[in-house]
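Written out below as structure tokens is the structure these notes cover.
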Amino acid sequence: MRLRYITAAWRMSVRELLRSRIALILFLVIPALFFAVILLTTTHKEIGFKLASVSEDAFIRVSQRREALVFIGLAAVGLLTSFLALNLTQKHAAANRRLVLCGYTTSELLAAKFLTLAGLIVGIGVYLSSLLLLFFRPGRLLLVFLGFILAGFVYGSYGLMVGALFRRELEGILFIVLLANIDIGWLQNPIYYADAQNKFIIRHLPAYFPSQVSMTAAFSGHSVLAPLWGGLVYGSLLLLAAALVFGWKMRIRK
Amino acid sequence: MVTVVDVRNVAKSFGRKRILKDVSFSVCRGEMAGIVGENGSGKTTLLKTIVGLLAPAAGEVIVQEKVGYCPQEMLVFDTLTVDENFAYFAAAYGLRQASGPGGWRGRESLLLSRFGFAAYRDSLVSNLSGGTRQKLNLSLALLHEPGLLILDEPYSGFDWETYLHFWDFAEELKAAGKSFLVVSHFLHDRSRFDTVYELREGVLRCA
């Protein structure tokens with residue numbers, strides 16, 4: 001991989017993203033909208049749930065609103081990063097292939113796109129953590145933020161893979177919405193999880209580890225090391241899958 | 001004569017449909033070769049196979065020169081400006097030096113002026129007309145001064161004046177020893193080619 005090539009592609013990728021009005025609107029509006037819905041629909045009534053990655057006995061009682069704010073924060077990161085990552089690999093796919101024909105390698109292009117995505121994930125994570133602070137201060141804010149970053153990494157990698165796989169936007173969006181809605185938007189909510197009949201499926205969905213990091217850090221003093229590693233491995237596997245699909249789609253017969 | 005492209009017994013199918021059947025031909029240095037044929041006859045598939053975008057089912061393609069490929073579709077970045085597209089492709093070609101003698105900026109200026117779209121240098125591609133986008137699409141293939149130009153209907157959408165400018169420029173490049181393989185469906189283009197091949201139902205014949 002040649003650094004000069006990656007830097008040039010990264011610069012262009014960032015410019016493209018900054019010129020996308022819909023991306024900027026989504027970036028600013030979605031988190032605020034999600035938090036507003038939580039504020040309008042929840043109360044401070046106490047609710048109890050178990051932390052799946054800690055112990056079946058670790059029962060925690062917290063404000064319904066606070067739990068929902070962290071949960072919806074994770075959902076916002078997952079949805080936003082996967083949509084924006086989809087855009088990075090799907091849009092201009094044919095022009096990207098022309099770049100490969102002209103001398104880029106697929107790994108250089110993907111590295112540039114991932115760098116753009118990484119910046120985006122940090123931006124969304126910082127924005128969401130700042131919004132969260134307006135309503136309450138979680139126990140370990142930095143680790144909650146880390147959970148947001150991890151959700152962005154896992155779902156961003158998934159978005160890159162889906163974008164590389166499907167040529168048309170509709171299929172890509174459908175695949176993202178289906179998974180994100182079921183996983184990060186529903187099953188990973190500890191309130192649902194606590195009494196779920198089949199926890200095996202939930203534990204193997206992409207948002208399991210990131211949501212455990214944020215929830216555990218926000219409402220307990222337990223270690224988040226295990227879900228942190230789990231999330232990193234999960235995200236790396238999805239990124240590897242994205243790299244393979246992207247490489248296959250961009251292949252050139254030399 | 002030095003052969004710059006040698007296509008030997010190339011076949012290509014999509015599913016059960018055979019697009020190219022045992023296609024063989026070659027292009028020599030300084031030659032202007034044209035491929036004509038009806039819509040769907042396999043011209044674009046043949047060019048894509050030569051440049052490496054498609055793999056042949058049989059046969060082989062040997063290319064001995066640095067290739068400049070202008071695809072039929074406008075494969076440019078429409079959320080970037082014209083100048084940024086040039087910079088992106090210059091990076092892809094590995095052109096290090098931007099300014100100064102021999103730098104790609106000079107080449108960019110030349111192409112912008114030869115095809116008459118210098119005024120759009122800082123415009124977003126999404127705001128350009130189809131013809132101007134095609135000028136960019138073609139210019140990106142010429143940026144790195146390739147020895148072999150493989151052009152798939154390079155002047156579709158051009159006005160008459162730009163079309164004539166294109167051929168003037170092509171003649172200059174040919175005189176400088178560059179080789180061309182051009183797909184065209186214009187009958188009046190035939191006189192401009194040294195060799196004309198006709199592709200019909202996947203079979204290539206010298207017309």
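So you know, we letter chains A, B, ... as the sequences are listed, proteins then strands, and number each from 1. Just the heavy atoms: all of them, side chains too, but no hydrogens, waters or symmetry mates, feed the values below.
Every residue meeting the side chain to side chain contact (heavy atoms under 4.5 Å, CB included) condition with A:V233, not counting sequence neighbours, appears here in chain and number order: A:L237.
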Chain B against chain A: donor-acceptor pairs under 3.5 Å:
unit_1: A:R15; atom_1: NH1; unit_2: B:E84; atom_2: OE2; d: 3.3
unit_1: A:E16; atom_1: OE2; unit_2: B:T79; atom_2: OG1; d: 2.8
unit_1: A:R19; atom_1: NH1; unit_2: B:T79; atom_2: O; d: 3.0
unit_1: A:R19; atom_1: NH1; unit_2: B:E84; atom_2: OE1; d: 2.7
unit_1: A:R19; atom_1: NH2; unit_2: B:E84; atom_2: OE1; d: 3.3
unit_1: A:R19; atom_1: NH2; unit_2: B:E84; atom_2: OE2; d: 2.9
unit_1: A:H92; atom_1: NE2; unit_2: B:D78; atom_2: N; d: 3.4
unit_1: A:H92; atom_1: NE2; unit_2: B:D78; atom_2: OD1; d: 2.7
unit_1: A:R97; atom_1: NH2; unit_2: B:L53; atom_2: O; d: 2.7
unit_1: A:R98; atom_1: NH1; unit_2: B:L75; atom_2: O; d: 3.2
unit_1: A:R98; atom_1: NH1; unit_2: B:N137; atom_2: OD1; d: 2.6
unit_1: A:R98; atom_1: NH2; unit_2: B:Y69; atom_2: O; d: 3.2
unit_1: A:R98; atom_1: NH2; unit_2: B:N137; atom_2: O; d: 2.9
unit_1: A:R253; atom_1: N; unit_2: B:G52; atom_2: O; d: 2.8
unit_1: A:R253; atom_1: NH1; unit_2: B:T49; atom_2: O; d: 3.3

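Proximity to chain A (any heavy atom under 4.5 Å) is shown, for B:A141, by both the backbone and the side chain. Using a 4.5 Å cut-off between heavy atoms, A:L101 contacts chain B through its side chain alone, with no backbone atom that close. Residue A:L17: no heavy atom, backbone or side chain, is found under 4.5 Å from chain B. B:L124 touches chain A through its side chain: at least one heavy atom from C-beta onward sits under 4.5 Å away, while N, CA, C and O do not. If you measure heavy-atom distances from B:V61 to chain A, the contacts under 4.5 Å come from both the backbone and the side chain.
Identified by a heavy-atom distance below 4.5 Å to chain B, contributing residues of residues 70-86 of chain A are lacking entirely.
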Report all side-chain donor-acceptor pairs from residues 152-166 of chain A shorter than 3.5 Å, counting only partners two or more places apart or in another chain.
unit_1: A:Y155; atom_1: OH; unit_2: A:D183; atom_2: OD2; d: 2.7
unit_1: A:S157; atom_1: OG; unit_2: A:F153; atom_2: O; d: 2.8
unit_1: A:Y158; atom_1: OH; unit_2: A:F175; atom_2: O; d: 2.9

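Summarising the geometry, atom CG belonging to B:L143 is positioned 9.0 Å from atom SG belonging to A:C102; distances are rounded to the nearest 0.5 Å.
Of all heavy-atom pairs spanning A:A94 and B:L75, the tightest one is CB-CD2, 3.4 Å.
Of the listed residues (B:G94, B:G52, B:P56), the greatest number of heavy-atom pairs within a distance under 4.5 Å of chain A belongs to B:G52. In terms of heavy-atom pairs under 4.5 angstrom with chain A, the leader among B:L80, B:V76, B:L54, B:V63 is B:L80.
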